[in-house]
Amino acid sequence: MADGDDAGRSARLLDYKNKGKDEDYMRTKRRDYNVELRKQSRADQLMKKRQLDDDPEALSIQQANELLEKTQQQLANSNDPFDKELSVIIRGILNDAEPAFQYECTRLCRKMVSRAVSPPIKAVVNTGIVPKIVQMLSWDDKPNIQFEAAWVLTNIASGSSDETAIVYNAGALPHLLRLLNSANSDVREQAVWALGNIVGDGSALRDKVLEAGGLELVMAILQRPDSSLNVIRNGTWTLSNFCRGKDPRPDFAHVSKCLPMLLDLIAYNDEPTRVDAVWAVAYISDNTQENLDYILSTRVHFLLAELLRVTQSPDLILPILRALGNITTGSNDQTQEIVNLRIVELFPTIMNNQPDNIRKEAAWVISNIAAGTPDQIQYLIGCNILPALIRAGEGGDFRVRKEVSWALVNMVFRGTVEQCTVVVDAGALPMLVSMLHLGSSDRHILDGLSAILLAGTKNGRLQEYINIIDAKQGVEKLENLCNNASDTISKQASQILDTYFAADDDVVPMHDPNSFAFGADIPHGGYRL
């Protein structure tokens with residue numbers, strides 16, 4: 001944005017369409033929304049992944065105990081606090097004098113932490129064996145044991161933050177980074193997986209791995225012509241973990257390096273790879289306007305729009321909408337880049353046929369576009385999105401209804417009188433009145449009702465709108481808000497009642513000529529989450 005635009009934006013932030021909604025308020029709404037998204041985001045695409053055991057040739061507990069029979073008598077006579085099977089394994093891992101014995105015990109430890117149900121990760125960590133397993137990563141002459149050790153560490157790092165920290169503090173990072181160049185493909189694959197779990201633990205370890213050059217090394221392994229499909233999948237997933245996080249965000253100078261590669265991965269003919277690559281773009285695009293300009297310069301939004309048109313996969317549709325929606329939180333010009341893709345024409349079908357989490361995401365994108373210019377609002381209306389929005393808002397999942405309410409309020413709040421009238425005629429008014437009991441959402445809904453009633457004074461339909469609100473028990477709800485809500489909401493509700501529902505039918509509603517200004521040149525970023 002130009003300096004003059006920034007100055008104008010600051011000067012106009014508190015006119016009525018943003019009245020009481022300064023940058024702190026809007027920033028809080030965005031932060032709360034993103035916290036909610038992080039809590040519910042993609043159950044099928046976790047920050048950490050644990051590799052389950054699928055090796056039919058691995059020794060069973062019984063076989064390992066037979067192999068270690070010579071130690072059983074000693075264990076039987078000890079007061080070792082650990083389970084005897086685990087004690088056998090740990091003693092074997094520590095036994096450098098018998099390499100075959102040591103390898104089988106490391107393998108068996110891997111099987112333990114790879115159990116599908118209740119893996120004893122904490123018990124293994126509590127033995128203090130992690131530094132020894134990290135040491136095994138340096139045994140280049142024994143790639144078989146390097147592989148098993150990396151697998152053990154991968155699954156330990158998939159546990160709690162404390163367990164991941166134990167792996168990192170034991171010095172695993174430099175070894176794992178070095179093993180990304182191992183001559184053994186299985187070792188490379190396991191190293192990138194373990195690294196992904198460390199990066200996925202949170203911003204602190206993510207940034208340490210970034211500073212150590214981990215991102216560039218993962219990108220290098222993805223460029224190898226001999227990389228297997230599993231390496232490509234795990235490497236792409238690890239890239240997405242490098243790009244995620246908001247407290248703080250990863251350094252854009254680092255993660256922006258992988259954007260060209262992400263375009264190739266989005267085009268890769270493998271859905272799990274595509275899903276993780278699109279999520280990486282979604283994380284990166286939750287950024288500043290300046291950085292959004294760079295992201296748009298890569299033309300990744302064109303690729304995402306093309307993919308949205310052809311995919312039926314909810315796993316892909318969700319991150320595509322998140323990425324494109326993040327771009328629409330930028331300036332009007334940046335939002336127009338998404339409008340120009342004409343993807344909203346797909347949204348009626350998405351709103352009618354996709355799961356609730358995707359319908360919610362689509363409604364969020366619409367609300368961001370509706371927070372822009374009257375021309376952008378007109379585009380939404382022209383896409384025939386209103387019937388699908390109203391249907392979604394009239395019943396069903398609360399989160400979907402909440403996002404729909406934001407979209408409708410932005411339309412009536414930032415559009416012209418004529419556009420507000422179209423939105424009301426589509427059924428927005430009774431739907432908004434029905435949501436007045438939703439507590440924290442009441443503030444923006446009250447502003448939406450005020451905008452609609454003001455439009456009624458300009459289009460000659462005020463009494464019609466009053467009657468709709470009354471018929472939907474809106475007056476009672478407003479009175480309840482006056483008595484029970486916060487001071488801000490109470491004052492808003494009282495003002496609506498005093499202005500439009502006075503006992504004297506001859507009272508002409510009074511309003512500040514500087515309050516609503518339908519279609520005014522308002523800076524982008526009003527009512528959006």
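Numbers for residues simply follow the sequence, beginning at 1.
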Can you confirm whether [X] sits close enough to [Y] that some side-chain heavy atom of one is under 4.5 Å from a side-chain heavy atom of the other?
{"X": "Val281", "Y": "Pro319", "value": "no"}
{"X": "Ile489", "Y": "Gln492", "value": "yes"}
{"X": "Trp279", "Y": "Arg322", "value": "yes"}
{"X": "Val231", "Y": "Ile221", "value": "yes"}
{"X": "Trp237", "Y": "Val199", "value": "no"}
{"X": "Pro348", "Y": "Pro387", "value": "no"}
{"X": "Tyr500", "Y": "Leu454", "value": "yes"}
{"X": "Leu449", "Y": "Leu436", "value": "yes"}

Any sub-3.5 Å donor-acceptor pair from [X]'s side-chain atoms to [Y]'s backbone N or O?
{"X": "Asp498", "Y": "Gln495", "value": "no"}
{"X": "Gln376", "Y": "Thr373", "value": "yes"}
{"X": "Lys257", "Y": "Glu216", "value": "no"}
{"X": "Gln419", "Y": "Thr416", "value": "yes"}
{"X": "Arg414", "Y": "Ala371", "value": "yes"}
{"X": "Thr164", "Y": "Ser160", "value": "yes"}
{"X": "Ser285", "Y": "Ala282", "value": "yes"}
{"X": "Ser490", "Y": "Cys482", "value": "yes"}

Nearest heavy-atom pair of [X] and [Y]: which atoms, and what distance?
{"X": "Pro250", "Y": "Leu210", "value": "CB-CD1, 4.1 Å"}
{"X": "Ile445", "Y": "Leu432", "value": "CG2-O, 3.5 Å"}
{"X": "Pro248", "Y": "Asp207", "value": "CG-OD2, 4.3 Å"}
{"X": "Arg401", "Y": "Glu394", "value": "NE-C, 4.3 Å"}
{"X": "Val218", "Y": "Gly235", "value": "CG1-O, 3.6 Å"}
{"X": "Asp247", "Y": "Ser203", "value": "O-OG, 3.0 Å"}

Any chance you could lay out the side chain to side chain contact (heavy atoms under 4.5 Å, CB included) test for Arg206 and Asp201, step after step, and finish with the verdict?
CA-CA 7 Å; Arg206 177 204 67 200; Asp201 182 71; over 6 Å; no
Determine, stepwise, if the pair Val278 / Leu316 fulfils side chain to side chain contact (heavy atoms under 4.5 Å, CB included).
CA-CA 7 Å; Val278 177; Leu316 270 172; 4.1 Å; yes
Could you give me the CA-CA distance, side-chain angles and deciding distance for Asn467 and Gln463, then say whether side chain to side chain donor-acceptor pair (under 3.5 Å) is met?
CA-CA 6 Å; Asn467 291 342; Gln463 192 59 52; 3.0 Å; yes
Would you call the rings of Phe252 and Tyr294 parallel, tilted or perpendicular if under 30° counts as parallel and over 60° as perpendicular?
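Correct class here is perpendicular.
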Any donor-acceptor N or O pair under 3.5 Å, side chains [X], [Y]:
{"X": "Ser313", "Y": "Glu271", "value": "yes"}
{"X": "Asn459", "Y": "Tyr465", "value": "yes"}
{"X": "Asn410", "Y": "Ser367", "value": "no"}

Between [atom1] on residue [X] and [atom2] on residue [Y], distance to nearest 0.5 Å:
{"X": "Lys360", "Y": "Asn357", "atom1": "NZ", "atom2": "CG", "answer": "7.5 Å"}
{"X": "Tyr283", "Y": "Leu262", "atom1": "OH", "atom2": "CG", "answer": "12.0 Å"}
{"X": "Met219", "Y": "Leu180", "atom1": "CE", "atom2": "CG", "answer": "13.5 Å"}
{"X": "Met431", "Y": "Leu429", "atom1": "CE", "atom2": "CG", "answer": "10.0 Å"}
{"X": "Ile320", "Y": "Asp315", "atom1": "CD1", "atom2": "CG", "answer": "11.0 Å"}
{"X": "Asn197", "Y": "Asn155", "atom1": "CG", "atom2": "CG", "answer": "7.5 Å"}

Please assess Thr328 against Gln334 for the test side chain to side chain donor-acceptor pair (under 3.5 Å), listing each intermediate value before the final yes or no.
CA-CA 6 Å; Thr328 63; Gln334 289 166 337; over 6 Å; no
Residues Leu239, Leu265; criterion side chain to side chain contact (heavy atoms under 4.5 Å, CB included); working and verdict:
CA-CA 11 Å; Leu239 284 186; Leu265 293 169; 4.0 Å; yes
Salt bridge (charged side-chain N to carboxylate O under 4.0 Å, His left out) between Asp286 and Arg249, intermediate numbers included:
CA-CA 9 Å; Asp286 186 5; Arg249 290 187 179 99; 3.7 Å; yes
If you count the non-hydrogen atoms of other residues, nucleotides and ligands that lie under 6.0 Å from CD in Glu306, is the total more than 12?
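Result for CD/Glu306: open.
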Side chain to side chain donor-acceptor pair (under 3.5 Å) between Tyr379 and Asn340, worked out
CA-CA 10 Å; Tyr379 165 70; Asn340 291 343; over 6 Å; no
Test Thr238 against every option in Ile198, Val192, Leu215, Val209 by the side-chain contact (heavy atoms from CB on, under 4.5 Å) rule and name the one that passes.
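Passing option: Val192.
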Salt bridge (charged side-chain N to carboxylate O under 4.0 Å, His left out), that's the test. Do Asp270 and Arg233 meet it? Break it down for me.
CA-CA 9 Å; Asp270 175 64; Arg233 286 179 175 178; 2.7 Å; yes
Start with the C-alpha gap between Ser405 and His444, add the side-chain angles, then the distance that decides, and say whether side chain to side chain contact (heavy atoms under 4.5 Å, CB included) holds.
CA-CA 9 Å; Ser405 73; His444 79 283; 2.9 Å; yes
Check whether Phe302 forms a cation-pi arrangement with Arg299 (NZ or CZ under 6.0 Å from the six-membered ring centre, at most 45° off the ring normal).
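Judged by the rule (NZ or CZ under 6.0 Å from the ring centre, within 45° of its axis), Arg299 counts as positioned above Phe302.
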Could Arg461 and Asp425 be called an ion pair, given the rule that one side-chain N must be under 4.0 Å from one carboxylate O?
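Yes, Arg461 and Asp425 are salt-bridged.
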Test side chain to side chain donor-acceptor pair (under 3.5 Å) on Asn352 and Arg391 and set out the steps.
CA-CA 8 Å; Asn352 289 331; Arg391 280 193 298 272; 3.1 Å; yes
